[in-house]
Every structure is written in C-alpha cells, then in structure tokens.
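Notes for the one structure printed next.
One is the number of the first residue; the rest follow in order along the sequence. Any value given below was found using the heavy atoms of this structure, including those in side chains, with hydrogens, waters and symmetry copies removed.
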Amino acid sequence: MKNPLIKRLPRELKSEAGKYIIIFVFMIIVIGFVSGFLVASGSLIKLYNESFEKYNIEDGNFELHTEADDTVIEAIESDGSIRLFKNFYIDRETKEVDSTLRIYKNREEINKICIHNGELPANENEIAIDRMYADNNSLKVGDFLTVGDRKLKITALVALSDYSALYASPSDMIFDAIKFGVAIMTDDGFDAMGEIGFHYNYSWKYNTPPADDIEARKMSEDLLEVISENTIVTEYIPMYSNQAIQFVGDDTGKDRIVFTVFLYIVVAILAFIMAITTNNTIAKEATVIGTLRASGYTRGELIRHYIAMPMLVVVVSAIIGNIIGYTLFEGIAVNIYYTNYSIPVYVTEPSVDAFVKTTVVPAAIMLVINYAILAHKLTLSPLKFIRRDLKKKQRKKALKLNTKIGIMHRFRIRIILQNMPNYVTIVIGIFLANIILLLGMGFPRLLDRNSKLVSENIICDYQYILKTPVETENENAEKYCAGSLCTIEGRLKSETVTIYGIDPDSRYVDIAAENGVYISDAYSQKFKVKKGDTITLKEEYDTKEYSFRIEGIYDNPTTIAVYMDKEFFNETFDKDKDFFNGYLSDEKLDDIDEMYIAAVITEDDMNKMGRQLTHSMGGIFDMFYLFGIIMFMLIIYLLSKIVIEKNAQSISMTKILGYNNAEISGLYVISTSIVVVLSFLLTMPIVNMLMKYVCEVMFSEFSGWIAYDVPETVFVNIIASGIIAYAVIAFAQFWKLKKIPMDMALKNVE
C-alpha cells in the first residue's frame, strides 16, 4: 500500500509554489555557474598538465650578455644532466597598437607551439602572434602589424607553451596580455629584425626530470653554480619559479577551491532557509502531525515526508544545473579563461569530480541540515503537537521589557525575539551578500585607486636603465644607479626588490641616508618592517647577502624598492665611485642610442597590474554585484515571508482589534526592516576587515603590492543598494500582510 502522505506533496508544492520556484531557479543558476567553471577548469588543468610532455616545455632558462661559444656550452653540459637549446628572442615596440612584442624563431625541439588559427609564417615578412594578445588588441589573421620598422603580415594566431600567462619578466606583479605579446617568425625573418632588443636566452631540459620541487630547486642551484663558473648570467629562471609557465596551474587550482566553497556556503544557507520554512509548516500543521503520530505514523516516516520536497528541489536543480553548466556556463567560463590565459585549443573533458561537488555534496548538505533540524523538532510527543505546544522548554514568563518603552516599540522587540532564528539567518545571509557585493563594487575601485597612487607617487615620467654608462645632453636628466636584489624566502616567497642609488641633492627622490637605506611604503606594508629594523637581501643569482638598517620610509605605496645614497650604492656593490647606469627624467631622452638602453620604465608600465586585472575580471566583478543583490533579495524575501506567515494569527487578531494595515505593517514589516538595516551597518565593518585580510594574503602571492584602500563611497553604495532592494521586498510584504483575513484568528481559537 502506498504511503498516503505522498498525496500531500503536490498540494504542498502548489501552496508554496513561489518559495520553491525562487529557490529552484536560484539553485539552478548557482549550480550551473559553479559546474560550468569546474568542468572548464578541470579540462584546462588536464590540458595544461599534458602540455608539458606534448610540447616539450623547458625546465628553465637563463640569459647571457653575449652568445655562448661551444666551449661554454660543453662545460655546462659536461656532467650529462641537462641539454641546452638556443632560445634567442627580440623585444620590439609595435606601431598599430601600443605594445611590446617578443619575437622567437619557430621552436621545433623545445617549447613547441599550438596553432589556433591560420598557418605558420612562410617568409621573412610574415609573423604568427599570440592568440590572447591578438584578441585583446583586435588583431586577426590577414592584418598587418608594424614591429619596429618592419611591416609584417599576421599569418596565424598561436599559443606558445612557455607563455601560458604573458609575463614579460619574472619580477612583474602580474602578466600583461594587452601591452605585451609573443610571436614566431621564420629564421630569415628573425635574423632580419637586427640587433636592437636582442636577448641571448638559453633553455635547458633535464635528462632525468626532478621528482618534485624540492629536488628541482637543488638541481637548479647546482646548475646555476656551474653556469656562473663558466660565464656571466644576467637572468636565471628555473621552471618552478617561472610565472609564465606556472601561473595557470596555480591560479586554476585556486579557482576550483573558491568556487567549491562558494557553492557549499550558498547551499548551506538555502538548506537552513528550507529547514526554517519546514519548521513553519510543522507549526501550522502541528495538530495534524500529532494526530498522525497518535495514529501510528513513526517519526522517521514524517521526517522523510517533510524532507522529500527540499531533496527533490536540490536534486532536480542539480541535474538541470549540471546540464546548463556543461553548455551555457562552460562556454562563459572558457571565454573568461581564454581572456586571461594563452592556452592550447580547448577540449571539454567530462568531470566526475565536478558532478560530485555540484550534485552529491549539495544533496548531502541539504539532507544533513534538514534532517538534523526536523529530527530535533519531531522528538516532541503526539500530545504536545495536538496541543500546539512546540517548545521543549517553556519559559515561565515572557522576557520583561521596560514599561518606559512605548507599546509599539515593545511589540516590535517581541516580534524580533519570537522570530530570532529567522533573523539570525538574515544577518548571516546579509553578511555573505555584503562580501559578494564588496567584491563586485569594491575591487574595481581598489584597482582604480591603485592606478591613481601610481600616478601620484611615480618618481619621474621616464626611468632609463642602461646597459652601459652613456652621457646625455639633456640637462634635466639626473644620473642614478639601478640594481636589484631578492628578499630571503620565509613568511613570503622570495621577491625581486628594485635598488636605487640616488644623488644626495636629487630633485626626484628626497632621502637622507648616508650608510643606511630608505624603503618604500609598499615594502614596509608587505613585509611588516619599519624604521630602525634591519633587512637582509641577497643576490638574485648568487648566495651573497647584504644587510641594511632602515633609516626611513619613503612614500611610495605601490613599488617594492630600497633607496640609498649613490655613493653608498657604489661602495656596497663594488662599483667605481662615478658609476651610474640610469637616468631619471621627466622628458624623453632622444640622444641615447637604443642599443645602450636596457629598459625604460614609465607610468604605463607601473599600472600594468591594475590594467590587466580590470581587463581580465571586469565582467566577473559585475557578475558578483548582480549575484550579491539577487542573493540578498532571495534571503530577505523568503525569511520575511516566513515571519509574516508564522505570525499570521497574531496579525489577524490585531486586525480584529481595530488596527489598520498600515499600522500592522509598522509592526511586522518595520521589525524586519530594523534587522535588515542594522545587519548592513553592523556586518559591513566585519566584512571590510575580512576583505582587507583576504586581499593582503592574496596580494602577498603576487610580486609587488596593492594597498587595500576601498573608498567610503563604495560602502555607502552597497548599503544604499541593499536598502533599495529591500524596499521592493517590503512592498511585497505589505501586500501579503493585507491578504491575511480577520477570521483566521477565530478559526484557530484553542
């Protein structure tokens, strides 16, 4: 015989159609969104991991001042542990778009390429450029691009396996896929580019690969010693520290964790809402439940009945969500990844892991939370249910309120106290919604603020770094010494620090340190050091260490830098007294041959991180804002609806006593409004502190620094958005309250 309680499920679904439809649609969107990203990221990670063998990606690379002769190559390869490959490249400016292009010969042995569209160059006037760089600069196959002084035809869009993230330098805070790109030319085309911007770069491959990063570190340190004994190394990047190769794997793994945790938090909140709603249903149907229990129905049968609808909702929404995730949302996720990463041609890989995380685990969360609350509630005896006495412990008397408080205020306080579980859930929901809203609204403002700080604190318009000292006739140019050291790895990973040797009477940098140093404000904030402390830095490609006493903090919140007197610089690093290798200038220096210029740093270069993050994540920020508002409205609507339904009899009684709808709304709607507004005001400082901590941890993973500084207007806008959204809900509450009939109180007289 079928369980007759099953017949009640369609009626329950019909009576609570609004609630279930809202939760159903919301869960489909959330599960579909997360499923799409998990499938896309899982496929990407598989593609990424396979690329190391498929494209024979290097184990590291180093750069020399000049080409190594056969004797040097033989000495480095002498122990038989590695094989070296020439991987020379040229950096050149482009004309049609404001960018720098790094050009390689076509690599057939190491760091092979993947063709997305078109065909590889066949003659010296053709070029194949990175697919992501092309998309970001609206370039396509068949277009012409002027590189240096040569006009080249684009024949293909490609992905270079050693540039899955477009880092121009290992010291960059983040990749730059807008103003930096990589390209491939024929051997003749490459040779025709000339010597300007030429780099003697060599890649190596271990004959016996290291077992892990620890062994890889040891092997790379041993190799560096061998290379340093035979030639002068200007740059050395083992694969485990090469962000251009490693960033995609690291970042995609973090994405999966963030999306999974986000899904579980949302499902847990919805499970609590469903459980509270079911509790409200139990309170309304207490007499029926008591009768059923007295008639022989077990507690387990009733639990299964009341848990059936929430489980049906989560299972069906998970199935539909996964279908949408594999179609619509996977495409969105892939487009986002293609916007950020230069990856080979994407292929979807079915993911059991994604199915478990988006279907099995959410169903388990819904089951556990609802079962725990229902099992606790249904432990009451049948007699208590028949009497509608649903409290395990009866309070001898109501909480006494001060009679000096007005009757209407006391009434509202009692409404809040009687509905405390609902209001606590509202507070938690608003807290989480505020986090999402702050990500959506605050992060873009944070990046804008950082760009302004760069502009306000830049030393000068042009910082020239020279390969060799060269004089200029520009009287406004100021000589300085430029170098770099690395921090000692500890709480944070080792990072490149720019070292400035400045004239004592410099008009660009005002410091007063003869035998000590000033550090930038960014250095102080990131590494938690202050005036009077001693810092230890080491040579980037050697073991030699230097210790400096901090004499002061220089106001530069965006650059990790150390400033010292130029004479002290030359003494510390064993340079001639009159040595310099750079110019600070507010004007472009046209009388220095490009052959002698190693780099020119401008405001645009300093703004690389903010520009790339805004480009990469601008759409995601908008999605966060929209999702945060929807989540907020959903939680408030469902829980405030429960408050009114739970108090329907009391509302009906107040109508009988002569209160009109506006006055009753002033009691019940205003009570919820007070909780909502207070929740916004009280949780926002906590959200701000939490976000500051999260940002500091996140930015610590990058080279450089972005100070957490969200304008107050962002918080005002978040609160205003929430209040406006709640006004819509409050209006809906008022209409629901108006529909409660006066005879309800008379029908349920006990």
Can you measure from [atom1] ([X]) to [atom2] ([Y]) and round to the nearest 0.5 angstrom?
X	Y	atom1	atom2	result
F33	I332	CZ	CD1	8.5 Å
I184	I115	CD1	CD1	10.0 Å
T498	I560	OG1	CD1	9.0 Å
L47	Y337	CG	OH	13.0 Å
K179	D98	NZ	CG	4.0 Å

Does CD in E53 sit with more than 12 non-hydrogen atoms of other residues, nucleotides or ligands closer than 6.0 Å?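 Not more than 12 within 6.0 Å, no.
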Over 12 foreign heavy atoms within 6.0 Å of NE2, H199: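 Buried by this count: over 12 neighbours within 6.0 Å.
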Please confirm whether the backbone N or O of [Y] pairs with a side-chain atom of [X], one donor and one acceptor, at under 3.5 Å?
X	Y	result
Y48	I245	yes
D533	K530	yes
R256	L38	yes
D59	Y206	yes
S203	F85	no
D130	V182	no
R107	L160	no
S164	I343	no
R92	G197	no
S351	V39	no

Step by step, would you call V562 with I535 a side-chain contact (heavy atoms from CB on, under 4.5 Å)? CA-CA 10 Å; V562 169; I535 58 173; 4.2 Å; yes
Determine whether the aromatic ring centres of F573 and Y546 lie less than 6.0 Å apart.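 Between Y546 and F573, which both carry aromatic rings, the centre distance is below 6.0 Å.
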What orientation do F247 and Y341 show, parallel under 30°, tilted 30 to 60°, or perpendicular over 60°?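 It falls in the perpendicular class, over 60°.
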Any side-chain donor near an acceptor of the partner, [X] and [Y], under 3.5 Å:
X	Y	answer
Q525	Y708	no
S220	D222	no
S99	T94	yes

Identify the residue among F329, F259, Y326 that makes a ring pair (Phe, Tyr, Trp, His ring centres under 6.0 Å) with F37.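 The residue from F329, F259, Y326 that satisfies ring pair (Phe, Tyr, Trp, His ring centres under 6.0 Å) with F37 turns out to be F259.
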From the options Y104, Y200, F190, select the one residue that forms a ring pair (Phe, Tyr, Trp, His ring centres under 6.0 Å) with F88.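 With F88 as partner, Y104, Y200, F190 yield a single ring pair (Phe, Tyr, Trp, His ring centres under 6.0 Å), made by Y200.
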Any carboxylate oxygen within less than 4.0 angstrom of a Lys/Arg side-chain nitrogen, looking at R217 and E221?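 Not counted as a salt bridge, because no side-chain N and carboxylate O are separated by less than 4.0 Å.
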Salt-bridge criterion met for E495 and K526 (N-O under 4.0 Å):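 K526 and E495: salt-bridged.
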